[in-house]
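First the structure, in the form of structure tokens, and then the observations on it.
The shown structure was predicted, so the numbers you read here are calculated from the model rather than taken from an experiment. When a ligand or atom number is given, it counts from 1 through the structure's own listing order. In this chain, numbering begins with 1 at the start of the sequence shown.
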Amino acid sequence: MIGNLNHVAIVVPDLAAASAVYRDTLGARVSDPVALPAHGVTTVFVELPNTKIELLHPLGEGSPIRKFLDRHPDGGMHHVCYEVEDILAARDRLAATGARVLGDGEPKTGAHGKAVLFLHPKDFNGTLIELEQV
Ligand code: CO
């Protein structure tokens, strides 16, 4: 059911410093910061040949990643995103196995303008999973 790894998201305490690490130390192609107020994050996209890394930093009061950064002040891996062809079929298949879909279970428009869902980390080895319809 799942296809390509679309991205790995890492919450960082300092976007400029994290961008410099990926650009200068690791030699990757790194975007300028992009503010996504609707998602409560500012993000930097690191383009790798086969996937992306998203560096996330909280934006605004109600940012959904604020608590994560409070618990992990050095930053840390936040979620992995797998591509699926049909997000509603994927959701229904997962729900039938008892896996928990976060929120109201309906896909939302994600950071790339595509339909996404998040799956409960307790059902997936402690890893928050994002599904994105491609
Ligand atoms: Co994501």
Side-chain angles (χ1 to χ4, degrees):
M1 179 175 72
I2 60 171
N4 287 341
L5 174 67
N6 184 276
H7 61 270
V8 175
I10 300 173
V11 172
V12 302
D14 182 332
L15 262 185
S19 298
V21 165
Y22 271 86
R23 186 182 53 240
D24 304 329
T25 308
L26 295 173
R29 212 148 51 103
V30 172
S31 79
D32 289 330
V34 180
L36 300 170
H39 294 276
V41 297
T42 303
T43 185
V44 165
F45 299 97
V46 180
E47 296 283 345
L48 303 180
N50 65 337
T51 190
K52 296 187 285 286
I53 306 295
E54 292 184 5
L55 307 177
L56 303 175
H57 188 76
L59 174 65
E61 286 299 305
S63 173
I65 60 169
R66 174 72 65 190
K67 267 198 225 145
F68 183 94
L69 195 54
D70 290 343
R71 285 198 306 270
H72 307 278
D74 294 333
M77 203 201 81
H78 186 259
H79 65 269
V80 296
C81 176
Y82 301 120
E83 297 178 356
V84 294
E85 283 183 6
D86 182 336
I87 201 161
L88 294 176
R91 176 198 63 188
D92 293 346
R93 174 173 159 163
L94 287 161
T97 70
R100 287 165 285 182
V101 176
L102 297 187
D104 64 5
E106 294 306 314
K108 302 277 184 291
T109 301
H112 313 117
K114 303 210 170 127
V116 303
L117 282 174
F118 285 91
L119 307 176
H120 202 297
K122 287 208 164 128
D123 297 330
F124 296 94
N125 307 289
T127 305
L128 178 62
I129 291 180
E130 179 179 21
L131 298 179
E132 181 174 293
Q133 181 166 283
V134 291

Protein N/O/S atoms under 2.8 Å from the Co ion (ligand 1): how many? 3
With a 3.5 Å cut-off and sequence neighbours excluded, list the donor-acceptor pairs that the side chains of residues 66-75 form with protein atoms.
none

So does Thr127 get a backbone contact from the side chain of Asn125, meaning a donor-acceptor N/O pair under 3.5 Å? no
Is there a donor-acceptor contact under 3.5 Å from the side chain of Thr42 to the main chain of Val34? no
Step by step, would you call Glu130 with His7 a side chain to side chain donor-acceptor pair (under 3.5 Å)? CA-CA 9 Å; Glu130 179 179 21; His7 61 270; 3.0 Å; yes
Considering only distance and modelled atom types, tabulate donor-acceptor pairs under 3.5 Å from the side chains of residues 44-51, sequence neighbours left out.
{"residue": "Thr51", "atom": "OG1", "partner": "Leu5", "partner atom": "O", "Å": "3.0"}
{"residue": "Thr51", "atom": "OG1", "partner": "Asn6", "partner atom": "O", "Å": "3.1"}

Can you name the side-chain hydrogen bond (donor to acceptor under 3.5 Å, both in side chains) partners of Asp123, sequence neighbours left out? Arg100
